[in-house]
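Written out below as structure tokens is the structure these notes cover.
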Amino acid sequence: MSDSEPPRRKTLSLKSPVAAPGGPPPLERMVKPSARATVFTSHAAPPPPPAPAPTGDWKCKPCGTRFDPPTDIPDEDSVRCPSCNARLGLAADFRADPPNVAKLRARWLKKA
């Protein structure tokens, strides 16, 4: 700092407990609630319903979703995954007996 520059004012910190002159009083620090404080309710929440049993004879290779290929589409149309919308193959390849798994991006699940 040279002699020609005016003196600088003191920089105030936002966390400073000292109030700025002519300004509002400093904010008080908020106290966090205790981590052990637990709120108990008189009624317990019912448990969530059980997940539905998985259905479907096919499993999408990209995302793992189980599905049944639609039966009402023509053989030339593509079958898509209901979850990730990936193209899994042609409807004719799913309907073939045995299914042409070399052309499909889905796995046939064996019935147990």
Side-chain angles (χ1 to χ4, degrees):
M1 198 154 146
S2 68
D3 295 333
S4 64
E5 291 182 25
R8 292 188 178 178
R9 290 189 296 168
K10 182 178 178 183
T11 305
L12 296 176
S13 170
L14 295 177
K15 296 182 180 181
S16 173
V18 179
L27 296 175
E28 294 182 15
R29 184 166 285 226
M30 295 179 62
V31 180
K32 291 183 182 178
S34 172
R36 294 180 183 246
T38 307
V39 178
F40 291 101
T41 58
S42 60
H43 301 289
T55 59
D57 296 340
W58 293 88
K59 187 174 183 180
C60 173
K61 284 182 183 178
C63 72
T65 302
R66 295 178 73 162
F67 70 97
D68 285 320
T71 57
D72 56 346
I73 62 173
D75 288 345
E76 300 83 27
D77 283 354
S78 297
V79 174
R80 293 194 169 270
C81 174
S83 180
C84 68
N85 203 27
R87 184 182 177 281
L88 303 177
L90 296 177
D93 294 330
F94 279 95
R95 293 186 189 123
D97 191 26
N100 190 356
V101 293
K103 293 184 177 181
L104 299 176
R105 291 180 65 197
R107 285 184 284 168
W108 182 71
L109 301 174
K110 296 179 182 177
K111 297 276 184 170

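Atom set for the values below is all heavy atoms of this structure, side chains included, hydrogens, waters and symmetry mates excluded.
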Notebook entry, point to check: Can you tell me how far CZ of R105 sits from NZ of K61, rounded to the nearest 0.5 angstrom?
Noted result: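 Spacing of NZ (K61) from CZ (R105) equals 9.0 Å.
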Next item on the list: Could you grab the distance from atom SG of C60 to atom CZ of R66, nearest 0.5 Å is fine?
Entry: 13.0 Å
Donor-acceptor contacts under 3.5 Å from residues 81-96 side chains, at least two apart:
residue: R87; atom: NE; partner: S78; partner atom: OG; Å: 3.0
residue: R95; atom: NH1; partner: I73; partner atom: O; Å: 3.2
residue: R95; atom: NH1; partner: D75; partner atom: OD1; Å: 2.3
residue: R95; atom: NH2; partner: T71; partner atom: O; Å: 3.2
residue: R95; atom: NH2; partner: I73; partner atom: O; Å: 2.6

Margin query: I want to check something: taking the side chain as every heavy atom from C-beta on, are P98 and W108 in contact at a cut-off of under 4.5 Å?
Written below: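 Contact flag for P98/W108 side chains = no.
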Next item on the list: Would you mind listing every salt bridge (charged side-chain N to carboxylate O under 4.0 Å, His left out) that reaches into residues 76-85, with sequence neighbours excluded?
Entry: none
Next item on the list: Would you please test W58 and V79 for side chain to side chain contact (heavy atoms under 4.5 Å, CB included) and show each step?
Entry: CA-CA 12 Å; W58 293 88; V79 174; over 6 Å; no
Item checked: Heavy-atom pair with the smallest gap, counting every atom of L104 and N100 ->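 Smallest heavy-atom distance, with atoms named: CG-O, 3.3 Å.
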Checklist line | Neighbour count >12 (heavy atoms, 6.0 Å) for atom NZ, K103 | finding: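 Counting neighbours around NZ of K103, 12 or fewer heavy atoms of other residues, nucleotides or ligands fall under 6.0 Å, so no.
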